[in-house]
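So the structure is just underneath, and the comments pick up after that.
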Amino acid sequence: EQARFPRPLPAREALSVAIVGGGVAGCSAAAALRALGVGRVAVFDTGRHGVGGRLASRLAEEGSLPAAQSGKGRGVAAGDGALRFDHACQFFSGAEPADSGDATQGSDNANFAGAIARWETSGAVAAMEEGAVGVISADGAPRELPGPFYFGTRGMRSVAEAMLEGHEGIEVVPHCWVNRMRATDAGWELQGEGKDRGVFDICVIAHNGKCANNLLKPSGAPRTYDFFRRLKLSSTWVALVAFHGEEVRLPGGLRAAFSSGLPSLKLAVDQGAKFGGGANTWALLSTAEYAKSNKVPQERVSQADADKVLQDLLEDLRAMAGVDELPPVRYSFCQLWGAALPRNALRGEAGGCTLDVESRVAACGDWIGGGASVENAWRSGQAVAEAIVGLADGRKVGDIGIDGPLVSIEAAAEAL
Ligand SMILES: Cc1cc2nc3c(=O)[nH]c(=O)nc-3n(C[C@H](O)[C@H](O)[C@H](O)COP(=O)(O)OP(=O)(O)OC[C@H]3O[C@@H](n4cnc5c(N)ncnc54)[C@H](O)[C@@H]3O)c2cc1C
C-alpha cells in the first residue's frame, strides 16, 4: 500500500532524515545534508567496525578475519603483528571515464576533486606512487595505467570516515541492521536489532540487493521497491594472503595489476604499497565469471571452498608474477562478496539519485550514481542531499530517477 503523510514536510532546519546504509553514498549524503543545514541526520549501518560498506578494511590481529561469518581464514600466528588489508575496494580515481555519458560530469568532477583534496589534507587519503597501478597482459607484458589512484591511509574505510569528519551532529548508529520501516502519521518509523530507531521525515535507502528489497517490499514505497528490483549484481571472490619470506613482485614494478586473460584473477594488489611495513600481504580479487561459476552460499563458505578458491587465485598470481613458485603462505582469508558490483546502473539525465515524493523515500548508491566506483557513490550521495533539501524548500516537487532506465554496465564493471 502506498504510504501517505498528512503533514507537510518541515523546513530544512527542522527536517529529520534517516540514511539506511553507511557506505560511501550514505556517508556522502549525510555530510552534504548537514552541510546544507538539515536539522537531524542519522546513518544506520550494519558494520560492526564502523561505516564504509564496500570500503572494507580489516586488521588480521583484531581476530576479525578468521571469525568473520561469511569467510574462511587460516593461520594468524601469535606475534605476527597486525596485517592490514582492504578486502573489497582497493583504490579509486578522481574522474569518470569519458564515455560515461553523464551530462553533469564536469561540475561534479570538480567537486569530487575538491573532496579528495580535503581528505588528502586531513591525512585520510593518499595517492599511490606513480606507475604503481597497471595491467599485465596474457603474455606477461606490464602496462601502466594513468593515475592518480587514491587509497585510505588507514584502510579504505578511512575514506568513508573522512567524509563524516568535521560535520557536527550526524548520528552514526553502527552494527544496526534496519529491518523495518513503517509509515506513520509522524513520518517513517524505523526498527533495527529489535529496537525502535526513531521517526524521520524522510528515509534514504543507501544500500542495495536483497536487504534493500526486503526492507522496501512491505514498506509502502512500491515505486522505489520496483526500481530496486531492477538492479542486477555480480559476485567477487577475494583472497587476502600474507607470504613468508621473499617479497612477491609483479613485472614492471607494478604494485597493483589487473590481469588480462587469467582464469580466476582480475586484480592483485600488494597491500604493502598502501600501508608499508613489508608484510608481504596481498589482496586477490576474482573476475565476476569466476565468482559466478564458483558460487556458494555467501554466509556458509566451507573450508574446502575457500581452499579451492585460494589455490586458483594463487596460481594466477604466480602466473602474473612470472615465477615458478610463490613463497609459502603464512596467513590467508577468503571471502565471497555475493553482491559486489552492479551489472546495470542509472545513467545520463536520470542518474544521480532517486526521490519518490509521495512516499518520502529517496535512494543513493553507486548503481544510482552511474556504476561501481567510489566517485559515483559519492556523487549519488551529494545528489540525494540536494534533492531532499530542494523538496524541503518546496523547490523540487517531481519524482527523480525511479522510472529511469537501468543501462547494462557489465563490461565497465568487469574492467574496474
Ligand atoms: C571487490 C570490490 C572491489 C572494488 N574495487 C573498486 C575500485 O578499485 N575502485 C572503485 O572506485 N570502486 C571499487 N569498488 C566499488 C566501490 O567499492 C563501490 O562502488 C562503493 O563502495 C559503493 O558504495 P555504496 O555506498 O553505494 O554501497 P555500499 O558500500 O554497499 O554501502 C551500503 C551499506 O549499507 C549497509 N546496509 C545494508 N543493508 C542495511 C540495513 N538493512 N540496515 C543498515 N545498513 C545496511 C551495508 O552493510 C553497507 O555498509 C569495488 C567493490 C568491490 C565489492
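Just so you know, ligand 1 is whichever comes first in the structure, and atom 1 is the first atom listed for that ligand. Bear in mind that the values here come from a model prediction, so they are computed numbers and not experimental data.
- Other residues, nucleotides and ligands contribute over 12 non-hydrogen atoms within 6.0 Å of the CD atom of Glu247.
- The CZ atom of Arg58 sits 4.5 Å away from the NE2 atom of His49 when rounded to the nearest 0.5 Å.
- For Glu129, the CD atom counts as loosely surrounded, since its 6.0 Å shell holds 12 or fewer non-hydrogen atoms of other residues, nucleotides or ligands.
- Residue contacts with ligand 1: Gly47 is excluded, as none of its non-hydrogen atoms falls under 4.0 Å.
- Residue Cys176 has at least one heavy-atom neighbour below 4.0 Å for each of these atoms of ligand 1: 42 (N), 43 (C).
- Proximity of a side-chain donor or acceptor of Arg12 to a complementary backbone N or O of Leu36 within less than 3.5 Å is detected.
- Gln191 and Asp196 are linked by a side-chain donor-acceptor pair at a separation below 3.5 angstrom, with hydrogens and angles left out of the test.
- Under the 3.5 Å distance criterion, with hydrogens and angles disregarded, no donor-acceptor pair is assigned to the side chains of Glu193 and His175.
- Checked by distance only, ligand 1 and Leu55 stay at 3.5 Å or farther apart across all their nitrogen or oxygen atoms.
- Every atom of ligand 1 with a heavy atom of Ala372 under 4.0 Å away is listed here by number and element: 19 (O).
- Atoms of ligand 1 found under 4.0 Å from any heavy atom of Phe92, numbered from 1 in the order shown, are 11 (O).
- The CG atom of Leu216 sits 11.0 Å away from atom SG of Cys211, with the distance rounded to the nearest 0.5 Å.
- Of all atoms in ligand 1, listed by their number and element, those nearer than 4.0 Å to a heavy atom of Gly53 are 29 (O), 48 (C), 49 (O).
- Results of the side chain to side chain contact (heavy atoms under 4.5 Å, CB included) test with Val269 over Phe85, Phe91, Trp282 single out Phe91 as the only residue that passes.
- Within the model, atoms SG of Cys27 and CZ of Arg157 stand 11.5 Å from one another, a figure rounded to the nearest 0.5 Å.
- When Phe44, Phe91, Phe151 are ranked by how near their heavy atoms come to atom 10 (C) of ligand 1, first place goes to Phe91.
- Remark: distances from the non-hydrogen atoms of Leu215 to ligand 1 are all 4.0 Å or more.
- When each of Val248, Leu310, Thr281 is paired with Val241, the side chain to side chain contact (heavy atoms under 4.5 Å, CB included) condition holds for Leu310 and for no other.
- Neither the backbone nor the side chain of Ser380 comes within 4.0 Å of ligand 1, counting heavy atoms alone.
- Checking Ser408 against Asn344 by side-chain atom types alone, no donor-acceptor pair falls below 3.5 Å.
- Of all the heavy atoms in Leu254 and Ile136, the pair that sits closest is CD1-CG1, 3.8 Å.
- For ligand 1 and Trp177, the ligand atoms under 4.0 Å from any heavy atom of the residue are 41 (N), 42 (N).
- Under 4.0 Å from ligand 1, not a single heavy atom of Cys364 appears.
- Heavy-atom proximity to Gly23, at under 4.0 Å, picks out these atoms of ligand 1: 25 (O), 29 (O), 31 (O), 33 (C).
- Only the side chain of Ala377 comes within contact range of ligand 1, with a heavy atom under 4.0 Å; no backbone atom does.
- Inclusion of Gly26 in the set of residues having an N or O under 3.5 Å from an N or O of ligand 1 is not warranted.
- Numbered from 1 in the order shown, with element, the atoms of ligand 1 that lie under 4.0 Å from a heavy atom of Gly22 read 33 (C), 34 (O).
- Residue Leu285 touches ligand 1 through its side chain alone, judged by heavy-atom distances below 4.0 Å.
- The Val20 neighbourhood of ligand 1 comprises atoms 40 (C), 42 (N), 43 (C), with distances under 4.0 Å to a heavy atom of that residue.
- When heavy-atom distances to ligand 1 are checked against a 4.0 Å cut-off, Ser373 comes that close through both its backbone and its side chain.
- Heavy atoms of Leu341 found under 4.0 angstrom from ligand 1 belong exclusively to the side chain.
- Counting only non-hydrogen atoms, the option in Lys266, Glu193, Arg54 that gets closest to atom 30 (O) of ligand 1 is Arg54.
- The CG atom of Leu265 sits 9.5 Å away from atom CG of Leu314, with the distance rounded to the nearest 0.5 Å.
- In terms of N/O distances under 3.5 Å, ligand 1 is not approached by Ser93.
- Any N or O atom pair closer than 3.5 Å counts here, and Trp337 shares no such pair with ligand 1.
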